[in-house]
Amino acid sequence: MNDCCSAPGLMPFEQALNQMLAEIKPLTASEEISFALSYNRVLAKNVYSPVNVPPMNNSAMDGYAFKHAGADINSLTVIGRSMAGKPFLGACQQGECVRIMTGAAMPKGCDTVIMQEQCQQDGNIIHLQKQVPQCSNVRNVGEDIKQGALVFEQGKRLTSIDVGVLASLGIAEVPVVKPIKVALFSTGDELKNPGEPLSIGDIYESNSHFLQAMLTKFGADVIPMGIISDDEEQISQALVSANEQADVVITSGGVSVGDADYIKAVLDKLGHIDFWKVAIKPGKPFAFGHLPSSYFFGLPGNPVSALVTAHQLVLPALAKLQNINQSSPVRLSARSNTPLKKAPGRMDFQRGVMQANTQGQLTVTSTGSQGSGMLTSMAKANCYIVLSQEQGNVQADEQVTVLPFDQYLQ
Ligand code: AMP
Ligand code: MG
């Protein structure tokens, strides 16, 4: 049986990823922006709370605030009202109480709230029908976040919830990393844009379009440069121009060893590039390196290969470039509903649909034909079935590792 060591010239996936990450130096340029525009941006500095949340002791219920004396209380005299935003400004003595609404500041002298349902009001006297423990129904100053506490760490990508947290702290401006500029083009004489007629031998270009969508979701500023012919001079000009405009240049096509694969020849002149045969399927040919002032990623032309290498190799590299704290993706174990064809030698990222069966167990079904030109195999899927480099065929009902598609594939 083959194993990874008998696949000469193929670099294991983890090695390719680690080697690439080791070469990438984060870009540290940052800017201050309004919190309201900060969704999906990456924090350039730690955020500490400028305030206590909540900012004062307040009531968790509609009821009556009073000073708990320790002993049982039968009745209290109502001396005023504390409403959210309209606090009671006086002080409350023992035997007195203040009508209070949820969120209203606790009046001076009060430590406890009794719910209105547990009292009977008779003029300005309330009769307590129940005894409540001291400090009941009070939300304490700073119990959610203390002033000065670390709220978010540098490198965090801000979610919709985080935007709300920033607002709740009264933070109007946040320091975020500047988005990286990514220039993108596809190479191939056969490629046409949607809307154009196809001549014999032509196909529609898809790679730059899903890459643009994926990179935009990642938060990059994408510079789309369209389709470049399989022509050494034109590829060279495009790379020079891309390098001048962007921090990162991504191309697709022309990275294998065909007669029209000029990327290697051009890059040998313009920069320093490593061409790798990464031991993954789909996606074997992949190039990574440096142009004079940018990083270069050369993706294979086959759409599924381009998509999987962009997702699994380029996005982690861009995350490092943007200083993003990434948690490792969650891998799950699922029972395969179907047998899976797998040859030892490369790590497979097969496409599957995972779902829970009636017993609540996670199962996965292959999307069928796994050709690297079949983009619809990816569109139907909601996860990768990740099969290790040395793994052979999988029988139906065997447990396999699944990697749910993340936001960049949605
Ligand atoms: P290449 O890597 O240039 O040899 O291309 C491999 C295969 O992918 C060929 O069948 C190409 O026609 C196809 N291909 C290359 N680039 C694209 C693209 N941008 N969109 C769709 N298919 C492509
Ligand atoms: Mg080509």
Side-chain angles (χ1 to χ4, degrees), residues 32-41 43 45-153 156-175:
E32 290 269 325
I33 61 165
S34 161
F35 83 98
L37 302 173
S38 68
Y39 170 65
N40 207 34
R41 298 294 299 269
L43 283 177
K45 292 186 188 144
N46 288 346
V47 169
Y48 298 92
S49 179
V51 293
N52 282 308
V53 179
M56 72 287 174
N57 292 345
N58 69 90
S59 177
M61 295 286 172
D62 294 337
Y64 300 88
F66 63 100
K67 185 178 177 66
H68 202 289
D72 282 3
I73 301 165
N74 295 321
S75 58
L76 295 164
T77 308
V78 183
I79 58 160
R81 277 161 35 117
S82 182
M83 313 288 282
K86 289 197 189 92
F88 175 76
L89 298 174
C92 197
Q93 308 300 323
Q94 205 148 328
E96 296 174 339
C97 70
V98 170
R99 175 89 175 115
I100 195 164
M101 297 296 141
T102 305
M106 287 294 283
K108 225 179 263 160
C110 296
D111 58 8
T112 305
V113 171
I114 181 165
M115 287 162 67
Q116 64 188 28
E117 292 83 350
Q118 295 171 339
C119 307
Q120 232 182 8
Q121 187 159 3
D122 183 8
N124 65 345
I125 303 291
I126 59 160
H127 301 283
L128 282 63
Q129 293 170 329
K130 208 180 160 236
Q131 297 301 314
V132 290
Q134 191 165 20
C135 300
S136 292
N137 303 318
V138 176
R139 302 191 287 217
N140 291 314
V141 57
E143 75 174 23
D144 184 4
I145 304 169
K146 296 240 175 326
Q147 187 172 15
L150 176 65
V151 183
F152 297 132
E153 279 187 47
K156 184 180 202 314
R157 188 187 282 285
L158 295 168
T159 65
S160 49
I161 302 166
D162 300 337
V163 176
V165 172
L166 290 172
S168 78
L169 301 177
I171 295 176
E173 301 270 304
V174 276

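Source: prediction; values computed, not measured.
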Q. Any sub-3.5 Å donor-acceptor pair from Asp62's side-chain atoms to Thr102's backbone N or O?
A. yes
Q) For Gln94, what residues pass the side chain to side chain donor-acceptor pair (under 3.5 Å) criterion, not counting sequence neighbours? A) none
Q | Gap separating the CD atom of Gln93 from the CG atom of Leu76, nearest 0.5 angstrom | A | 13.0 Å
**Q.** Point-to-point distance, once rounded to the nearest 0.5 Å, from NZ of Lys130 to CD1 of Ile114
**A.** 7.5 Å
Q) If you round to the nearest 0.5 Å, how far is OG of Ser34 from CD1 of Ile171? A) 12.0 Å
(Q) Does any part of the side chain of Val98, heavy atoms only, come nearer than 4.5 Å to the side chain of Ile79, both counted from C-beta? (A) yes
(Q) With a 4.5 Å cut-off on side-chain heavy atoms, are Met61 and Gln116 touching? (A) no
Q. Does some side-chain heavy atom of Ile100 sit less than 4.5 Å from a side-chain heavy atom of Met106?
A. yes
**Q.** Side-chain touch Ser59/Met101, heavy atoms, less than 4.5 angstrom
**A.** no
Q.
Suppose we screen for side chain to side chain donor-acceptor pair (under 3.5 Å). Which residues come up paired with Thr159, at least two apart in sequence or across chains?
A. Asp162
Q: Give, for atom CG of Asn58 and atom CZ of Arg139, the distance between the pair rounded to the nearest 0.5 Å.
A: 4.5 Å
Q | Nearest atoms (heavy-atom pairs only) where Val78 meets Arg99 | A | CG1-N, 4.2 Å
Q) Looking at SG of Cys97 and CD1 of Ile125, how far apart are the two atoms once the value is rounded to the nearest 0.5 Å? A) 8.5 Å
Side-chain polar contacts of residues 63-71 - donor-acceptor pairs under 3.5 angstrom, sequence neighbours left out - could you list them?
unit_1: Tyr64; atom_1: OH; unit_2: Gln121; atom_2: OE1; d: 2.7
unit_1: His68; atom_1: ND1; unit_2: Gly70; atom_2: N; d: 3.1
unit_1: His68; atom_1: NE2; unit_2: Val132; atom_2: O; d: 2.8

Q. Do Asp111 side-chain atoms and Cys135 backbone N/O form a donor-acceptor pair below 3.5 Å?
A. no
Q) Should Val47 and Val165 count as side-chain neighbours, where that means a heavy-atom distance under 4.5 Å? A) no
Q: For residues Val174 and Ile33, determine if any side-chain heavy atom of one lies less than 4.5 Å from a side-chain heavy atom of the other.
A: yes
Q.
With rounding to the nearest 0.5 angstrom, report the CD1 to CD distance, Ile73 to Gln131.
A. 6.5 Å
Q. Under 6.0 Å from the NZ atom of Lys45, do we count more than 12 heavy atoms belonging to anything else shown?
A. no
Q) Which one of Asn52, Val53, Leu169 satisfies the side chain to side chain contact (heavy atoms under 4.5 Å, CB included) criterion with Asp144? A) Val53
**Q.** Heavy-atom check, side chain of Leu128 versus side chain of Gln118, under 4.5 Å
**A.** no
Q) If every non-hydrogen atom of Gly148 is compared with every non-hydrogen atom of Tyr48, which pair is closest and at what distance? A) O-CD2, 3.6 Å
Q: List the atom of Pro107, the atom of Ser82, and the distance in Å for their closest heavy-atom pair.
A: CG-CB, 4.4 Å
(Q) Just so I know, are the side chains of Gln147 and Val51 near enough to count as touching, which here means a heavy-atom distance under 4.5 Å? (A) no
